[in-house]
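Note that this is a predicted model, so its numbers are computed, not measured. Proteins come first, then strands; the chains are lettered A, B, ... in the order of their sequence lines, and each starts at number 1.
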Amino acid sequence: CPPPGMLPLCHRPPAWGRAAQQPPCLPFTPCRAFSNNKILVELDESSGVATMKFKSPPVNSLSLDFLTEFCISLEKLENDRACRGVIFTSAVPKIFSSGLDITEMCGKTTEHYTEFWRAVQEMWLRLYGSNMVTVAAVNGSSPAGGCLLALSCDYRIMVENPKFSIGLNEAQLGIVAPFWFKDTFVNVVGHRVAERSLQLGSLHPAPEAHKFGIVDELVPEEKLQEKAAAVMAQWLALPDHARQLTKSMMRKAVLDRLLAHREEDIQNFISFISKESIQKSLRMYMEMLKKKKS
Amino acid sequence: CPPPGMLPLCHRPPAWGRAAQQPPCLPFTPCRAFSNNKILVELDESSGVATMKFKSPPVNSLSLDFLTEFCISLEKLENDRACRGVIFTSAVPKIFSSGLDITEMCGKTTEHYTEFWRAVQEMWLRLYGSNMVTVAAVNGSSPAGGCLLALSCDYRIMVENPKFSIGLNEAQLGIVAPFWFKDTFVNVVGHRVAERSLQLGSLHPAPEAHKFGIVDELVPEEKLQEKAAAVMAQWLALPDHARQLTKSMMRKAVLDRLLAHREEDIQNFISFISKESIQKSLRMYMEMLKKKKS
Amino acid sequence: CPPPGMLPLCHRPPAWGRAAQQPPCLPFTPCRAFSNNKILVELDESSGVATMKFKSPPVNSLSLDFLTEFCISLEKLENDRACRGVIFTSAVPKIFSSGLDITEMCGKTTEHYTEFWRAVQEMWLRLYGSNMVTVAAVNGSSPAGGCLLALSCDYRIMVENPKFSIGLNEAQLGIVAPFWFKDTFVNVVGHRVAERSLQLGSLHPAPEAHKFGIVDELVPEEKLQEKAAAVMAQWLALPDHARQLTKSMMRKAVLDRLLAHREEDIQNFISFISKESIQKSLRMYMEMLKKKKS
């Protein structure tokens, strides 16, 4: 495959599905499966569908390392002509992703906060703006940043277990979801549901999440991967180019808003997170989590 | 009646319903019923309601001729003081309108594409911005531009036959719905439903279209005209002036967006439609339709 | 308590709930309960919840006096550290509020119209932008401005009696809801429901209002206050600071729009209301109301 960025016209065909149209550019493409520490990536070249499986116990928290690996893996797939869609799921029982890693936000330097927040932005910009079809197979709870990750996909399927919940619950921790979390949420559930859910910091059990449109579908746990593959096949039946332009048309305004205010958003995060009151809240929350665990 | 544009204050009364308030300005108004080739227009002066019946077999496709006639007919009614509302329906069995005529977009000159696209814009600008109450009585399938036509009305009633479907299915043909198709759709069904439906190029069977809010109501075929008349009467019970200002307030932002980018939108259309890959897709699609027919 | 505006940092704590965190700043705070002519305000300092009960018979219409008292009462509570939330309800049977007082809009001077409209704007700016949790306990009909008042709260509970109705029915009177009424409505119910309801000037019976999302919940009349208290407790369980910033993030765009066009909006109102046709419509409407009454 050509290096990313060198032959942009090669990356996406102009119209119709690529799988039917294009032979792989090399007899053995280099990106069959790769795993680093925190995410297992498998690409089925016959279908053009990759799976990114989060395996960062105990709770798949979005640490700086996780986010970096996520962005690198996603970019590799984005630039791999054999890949047209990605399914995101968890290898950790009962949890999809617990969201931003609080340890990255507690007692660190300004430089660290800057690097961390830029990585969070990057994750969202790449995922929400991905040219590939993205399906979240939510097989566990998914608060805060974990919910954002699911909301940024094209389609969300969740295990129907009411013990699994999902939501942007930042307000519960005394912090505020950034405007682009909010914009993403509003695009999925509308203004009213978003306003109420964000203010209450609600974590919605799967059936309620489905009722409010936070996830598109509920399935029994044993049917999840099969259902995700079927949904993916339905989306991949469309010609890539038209689908990609349509997706971009729908999401561009919200993506552009972060791009236009990216540094400002980092500064806001740093000045908020550096407040002693917020640091104290987060420390208390972490201690509570530790106690709960032991 | 005064010529259009001469006495703007005469065209719409300042408040309350016109029917009750105003005698016709001439004993015999000139616009009782007129038919050209493709659309039959009937005006019932007692109710103030006109019906525009599409009779352009086989599928009421929106050709340049159809669009021109549509705009002229609508403008006539708009300027006719005896007319306060229009019902749109089809005289062709099983089809409301098949949308933009693909033959207008295939193998033609740039001048032709320009003229055609301007006519499509004009149709939407006049219909979405009409001062009259507009009701779509959808008595057949209504893909793409046909769906846009229905979405641009104030109210949509569809025959409950699940064989009839409706949707902005452009992506299925490898093309992208223009931004103002998308804006109109989002105003009706919200961002999430629009994003998914546009990306999948979905054609929704009537019951699903109703579930997603694409149409407001389903009725048996034999009740359609009666229901359309009843809905129209409900809307006409309101004073025209307040209703018109309210409608304008709701739709102005989206109308202004096309007005501000009209030439750019034409250029986009031309450069997109002139691509060999798109021309090839459209030719293949037309051949498929021909085979299906024979 | 410090005078309003003097110690802004004192008014709202930086994070977490105030009730748990803060002792009252004086042993006996001065604002337990106060009543002027038209609104009874009671503050329960143990819960931090105030109730504003409209007692301006016959229909709690939003006269200049009512609006002035409303704004003063709300500002007092806003600046009272012992108060974190307000429940709005009516002491007049069968009516929550009948909306803007038509007598203020009929046969008055331009100066009066200016003062009145500024007070209407002020009511909305303070309520929609309130830092406190606001719950509408709608125990009667609530047309026009009364509906706006409910829509501007964080949560709406309505008595399930289908004889009580709610809606922005301005179009029925031949007048047009201002753009910020419309913006508030769209934020609650979405564009489509708002467009249809505003154009028809619909007054929705309680069950329909619930179906369309105009109110969040229906309860039997005898359960209303209890339910409002329970909902309030749920919202107050969140840390104030994060909840307030989230609320502001959701509502700022719409609030800023009126702030940027406030004088223009006043001029629009005056020039509209000063039209002889509108004055005539309003006089006819008032006479109809008088006849209905007698």
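- With respect to B:Arg192 and A:Asp216, a salt bridge is recorded, a charged nitrogen being found less than 4.0 Å from a carboxylate O.
- For a residue to count as touching a neighbouring chain, one of its non-hydrogen atoms must lie under 4.5 Å from one of that chain's; by this rule B:Phe272 touches chain A with the side chain only.
- When each of B:Gln199, B:Glu195, B:Lys182, B:Glu170 is checked for heavy-atom pairs under 4.5 Å with chain A, B:Gln199 comes out on top.
- Here the straight-line distance linking atom CE of A:Met250 with atom OG of B:Ser197 works out to 9.5 Å at 0.5 Å rounding.
- Side-chain atoms of B:Phe181 and A:Met249, non-hydrogen and from C-beta on, never get closer than 4.5 Å to each other.
- Taking NE2 from A:His241 and CD1 from B:Ile278, the interatomic distance works out to 6.0 Å, rounded to the nearest 0.5 Å.
- Of all the heavy atoms in B:Ala171 and A:Ala242, the pair that sits closest is O-CB, 3.9 Å.
- Note that CG of B:Leu200 is 9.0 Å distant from CG of A:Asp154, once rounded to the nearest 0.5 Å.
- For NZ of B:Lys275, the number of neighbouring non-hydrogen atoms (other residues, nucleotides, ligands) closer than 6.0 Å is greater than 12.
- For B:Lys227, the NZ atom sits in a loose shell: 12 or fewer heavy atoms of surrounding residues, nucleotides or ligands are nearer than 6.0 Å.
- Residue B:Phe179 holds its CZ atom at 12.5 Å from NZ of A:Lys252, rounded to the nearest 0.5 Å.
- Proximity to chain A (any heavy atom under 4.5 Å) is shown, for B:Leu198, by both the backbone and the side chain.
- No part of B:Val193 comes within reach of chain A, as not one of its non-hydrogen atoms sits under 4.5 angstrom from that chain.
- Residues A:Arg243 and B:Val176 form no side-chain contact, since every pair of their non-hydrogen atoms from C-beta on lies 4.5 Å or further apart.
- Here the straight-line distance linking atom NE2 of B:His191 with atom CG of A:Asp183 works out to 10.0 Å at 0.5 Å rounding.
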